[in-house]
Amino acid sequence: MEINEDQEIVRKFANFHPSVWKDYFLEYNCDIEALQACTKGVEKLKEVVRNLLKDVQNEPSTQLNLIDALQRLGISYHFEIEIEEAMKHMHDQEIILSFLHDNDLHDLALCFRLLRNQGYKISSDIFREFKDEKGDFKSSLIDDLKGMLSLYEAAHIRIHGEDVLEKALNFTTTNLTSMMTSSPSLSRSPLGRQIQHSLEQPIHKGVPRLEARRYISLYQVNDATWSDTVRTLAKLDFKLVQTLHRQELSDLSRWWKDLDFGKELPFARDKLVECYFWAVGAYFEPTYSIARVFLSKVITLTTIIDDTFDVYGTQEELLLFTDAIQRWDASSIDQLLGQTYKLLYRAILRVYQEMKEMMNKEGCSYQLDYAKEAMKDLVRAYFVEAKWDHEGYVPKLEEYLSNAVVSSACYMIPTTCLVGMGKIMSKEAFEWLRGVPKPLRASSMIGRLMNDVVSHKFEQMRGDVASAVECYMKEYGASEQEACDEINKMVEEAWKDVNEECFTRNTEIPRPLLMRLVNLTRMLHVIYKHEDSFTHSKTRLKENVALLFVDPVDP
Ligand SMILES: CC(C)=CCC/C(C)=C/CC/C(C)=C/COP(=O)(O)OP(=O)(O)O
């Protein structure tokens, strides 16, 4: 921030593109009759699938493939109890060993992935049987495309020290990629299309709702007696959930329009729809509607706060704003310099207050206290960054990261995400998060590092604080490429922490909490894997938003 000769403040300019969606979602009138017909259809088919799950109880391979289809098509949330029971049985009876005995790589790898998904610590040693005497995966496996694909998908849930899965991932990635490039007929086939998609987006790192939407289109009715039924249910259910999402987006658009930030805060990104997409990535299920709407509002406001710190504010203004946030009290509004800050501050307080009133009725108002503390921490971390920026200070990587994991908002968002999820998110659950457990720190590292790799050039151009890339380059005398390669390795290691803590521990932590952490990490992967598609949301992210909230699912 500079002062010019006329003693005026010269503010930075980020040149963000305008809102992609403008008022597109503001009005929404759904066809009530069609909706009622859809609801009836879903209820009927849910019963059919429930019976199917019972019918296949003694056919492990069929049962496994059915559960996989339900999960990938985005409808397993209707059958959580049945699936939990089935997987428990499969685990307790060590059914996986029969797949090993039959040398069936597809079912074996699928069973491994689904058991870990459910939180069972299954040893990856079972895959050693597929190696030759030199310790390499047998070359005969290359002909088993379905098996290789399953192994590739399973290998993404690897944890530290699982060399066999590390090798499996290399082996399957190399061979699947080369098969796809050498065989045009394969790449046109249904299996080829699935392989292509998996190479770009493995299931484990994908955002469930987005992957379900894609899988519904990729899914082929096959000889399994149930495949037509589950596909029809998936399409109807997607339509129904999409209607709810459209309604929520419409309500949020009204809230956003009424705030009228465009005039007073023109420097900031207008990302309401993208922030809602983020929240849907954490939980798409109808039951989490209230939580989802609150989270969307908080992420949208956070984007504005971030831009206020990165682009707009002076040291003095930001210090006062940081201080006011720490007080969290309407009377602090008078200490703020300018309408911009007052408007923003008022909006923040109101969003949390309204949610507190709602949660009071459910006996969960304590959840807001944790959410507020997380927001206070975030704003303090933003201030540290702004100070470093002002002083031109480039910290050592470790010092940078200790603040940057907080300033990524990746501590604040998971905490806020739990508000409104019900009493299962107890004080103990929030305390656990507040203690920054390993998977939270790892998830945050993934977000911060991936974000820095793809956005550091753009942010340096507008004169932002040094990112992990610059810190690494300075500290180790490395080139930009070397820094990015090392940082990408750190991201892979952090994923192993997330996997270890969320999929292989017998813990007291509620599964819905762990799954929110995992889903939010998946979202970071999807948003930042190629570019900063959150900031530059006119291409990839626009397509993804359209897939979930605009395009009808194929007839
Ligand atoms: C940074 C990160 C991993 C964010 C993911 C979590 C998230 C949805 C945060 C809220 C919105 C936000 C501030 C996005 C990052 O902007 P930015 O790219 O300008 O972030 P920066 O200023 O911290 O680099």
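Position 1 is the first residue of the sequence; numbering continues from there. Whatever order the structure lists them in is the order used to number ligands and atoms, beginning at 1. As a basis for the values below, the full set of heavy atoms in this structure was taken, side chains included, without hydrogen atoms, waters or symmetry mates.
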Identify each donor-acceptor pair in which a side-chain atom of residues 402-410 lies under 3.5 Å from a protein atom, sequence neighbours left out, and give them as a table.
residue : atom : partner : partner atom : Å
Ser402  : OG   : Glu399  : O            : 2.8
Asn403  : ND2  : Ala381  : O            : 3.1
Ser407  : OG   : Glu385  : OE2          : 2.5
Ser407  : OG   : Ala404  : O            : 3.3
Ser407  : OG   : Arg448  : NH2          : 3.2
Ser408  : OG   : Val405  : O            : 2.8
Ser408  : OG   : Cys410  : N            : 3.1
Ser408  : OG   : Ser444  : OG           : 3.2

- Task: Supply the atom-to-atom distance Thr302 OG1 to Lys271 NZ, rounded to the nearest 0.5 angstrom.
- Result: 14.5 Å
Could you list each nitrogen or oxygen of ligand 1 that sits under 3.5 Å from a protein nitrogen or oxygen, with the atom names and the distance?
residue  : atom   : partner : partner atom : Å
ligand 1 : 16 (O) : Arg269  : NH1          : 3.2
ligand 1 : 16 (O) : Arg269  : NH2          : 3.2
ligand 1 : 16 (O) : Asp306  : OD2          : 3.4
ligand 1 : 18 (O) : Asn451  : ND2          : 3.0
ligand 1 : 19 (O) : Arg269  : NH1          : 3.4
ligand 1 : 19 (O) : Arg269  : NH2          : 3.2
ligand 1 : 19 (O) : Asp306  : OD2          : 3.0
ligand 1 : 22 (O) : Asp306  : OD1          : 3.1
ligand 1 : 22 (O) : Asp306  : OD2          : 3.0
ligand 1 : 22 (O) : Asp310  : OD2          : 2.6
ligand 1 : 23 (O) : Arg448  : NH2          : 2.8
ligand 1 : 24 (O) : Arg448  : NH1          : 3.4
ligand 1 : 24 (O) : Asn451  : OD1          : 3.4
ligand 1 : 24 (O) : Glu459  : OE2          : 3.2

- Assess Arg213 against Phe238: is NZ or CZ under 6.0 Å from the centre of the six-membered ring, and within 45 degrees of the ring's axis? yes
- Message: Restricting to salt bridge (charged side-chain N to carboxylate O under 4.0 Å, His left out), what partner residues turn up for Asp270, sequence neighbours left out?
- Response: none
Donor-acceptor contacts under 3.5 Å from residues 540-548 side chains, at least two apart:
residue : atom : partner : partner atom : Å
Arg540  : NH1  : Glu531  : OE2          : 3.3
Asn544  : OD1  : Arg214  : NH2          : 2.8

- Task: Give a yes or no on whether the ring-centroid distance for Tyr352 and Phe294 is below 6.0 angstrom.
- Result: yes
